[in-house]
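Below you'll find the structure, written out as structure tokens, and then a few comments.
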Number of protein chains: 2
Amino acid sequence: MQVTMCPERAIMEHITSKWGVLVLQVLSDGGSWRFSALRRELEDVVSEKMLTQTLRTLERDGFVHREVHPVIPPHVEYALTPLGKGAASHLVALAHWIEANQPEVSQAQRRYDNS
Amino acid sequence: MQVTMCPERAIMEHITSKWGVLVLQVLSDGGSWRFSALRRELEDVVSEKMLTQTLRTLERDGFVHREVHPVIPPHVEYALTPLGKGAASHLVALAHWIEANQPEVSQAQRRYDNS
DNA sequence: TGGGGTACTTACTCGGAGGTGAGCGTGCAG
DNA sequence: CTGCACGCTCACCTCCGAGTAAGTACCCCA
């Protein structure tokens, strides 16, 4: 493995970033989402600032397509590109694995804590 | 998706943490590693402090097995548990995907930057 | 008349992630 | 006899990820 800051590691950090993980999972259903609908779906745990920033990074990497309808009030839609779907699928697989194994992990944590 | 801090999200953050991603990938080859060998493999980009902290978190989650040989000088070995192998395999898959698609991503970034 | 929704941007602030350097207690190589 | 390797831990400090609040420009509904 090549480690010193290479493009691959940067891309990995974008995908596995705190908010990137969540955004990619929501978008992975294939639909297209408006900014505030996306935020509501994430139960407002992410601030507007960080959501914008995260979406910009993912857009720059070619994972997210941003479509602006120049109307007032503003209307913007976000969706995964084919490239984004590839990345997101791995994240979704990991998320499913975690969901399935969460009890086992929690048990391991309890074991570790009382010892 | 359930979002407000649930055990699943915490586990996801451990696995996708900055150093967790790298450690799990190195350990994923199945072998067992000594502390400083692991650090050298990561080309010293991670400090001793953060490596210890990351390994502790992964151990608590039941992903990493830590075996201490009580000799002087100290001898400690780290290896993935079966549970850890499950998690790491998804990370490795993602890493391979990134490696394969890195040129396309870099191209997207260049396109984004000159516009 | 004014309050809320839309999709942001900017400025200010703060906590915590993370780096640095030292210390430890011994065995072994030089 | 010196000094390094090992696998940490602790104290200190820095910097950046992230939150909060306010502003924007316009429309619609009450």
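Here is how names work: the chains are called A, B, and so on, in the same order as the sequence lines, proteins then strands, and each is numbered from 1.
Atom P of nucleotide dA7(C) and atom CG of Leu38(A) are separated by 10 Å, given to the nearest angstrom. In this structure, Glu13(B) atom CD and dG17(D) atom P are separated by 15 Å, rounded to whole Å. A straight line from CG of Asp44(B) to P of dG19(C) spans 12 Å, rounded to a whole angstrom. If you measure from atom NE2 of His69(A) to atom P of dC27(D), you get 19 Å, rounded to the nearest angstrom. Between Glu59(A) atom CD and dC8(C) atom P there is a gap of 9 Å when expressed in whole angstrom units. Atom CG in Leu55(B) sits about 15 Å away from atom C1' in dT9(D), given to the nearest Å. With rounding to whole Å, Phe35(B) atom CZ is found 15 Å from dA5(D) atom P. Residue Trp33(B) contributes atom CH2, which lies 13 Å from atom P of dG7(D) at whole-angstrom precision.
Sequence order on DNA chain D of the closest nucleotides to Pro74(B) and Lys49(A) puts Pro74(B) first from the 5' end. Mapping Ile72(A) and Arg66(A) onto DNA chain C by nearest heavy atom places Ile72(A) closer to the 5' end of the strand.
Proximity of Arg56(A) to the phosphate of dT9(C): a side-chain N or O atom is located under 4.0 Å from OP1 or OP2. Phosphate proximity of dG7(D) to Ser36(B): present, with a side-chain N or O under 4.0 Å from OP1 or OP2. Side-chain N/O atoms of Ser47(B) include none lying less than 4.0 angstrom from OP1 or OP2 on dG18(C). Residue Arg34(A) places no side-chain N or O under 4.0 Å from the OP1 or OP2 atom of dT6(C).
When heavy atoms are screened at a 4.0 angstrom cut-off, Lys18(A) is found touching the sugar-phosphate backbone but no base atom. Here Arg39(A) lies out of heavy-atom contact (under 4.0 Å) with every strand. In this structure, Val45(A) reaches the sugar-phosphate backbone alone: every heavy-atom distance under 4.0 Å involves primed, P, OP1 or OP2 atoms, never a base.
Crowding of His75(A) atom NE2: a count of heavy atoms from other residues, nucleotides or ligands under 6.0 Å exceeding 12.
Which of dG27(C), dC8(C), dC27(D) sits closest to the side chain of Pro73(A) comes down to dC27(D).
Hydrophobic clustering (side-chain heavy atoms under 4.5 Å, transitive across Ile, Leu, Val, Met, Phe, Trp, Tyr) keeps Ile15(B) apart from Tyr112(A).
The heavy-atom pair separating Ser89(A) from Gly86(A) by the smallest distance is OG-O, 2.7 Å.
No side-chain donor from either of His69(B) and Glu67(B) sits under 3.5 Å from a side-chain acceptor of the other.
Rounding to the nearest 0.5 Å gives a distance of 11.0 Å between CD of Gln107(A) and CD of Gln109(A).
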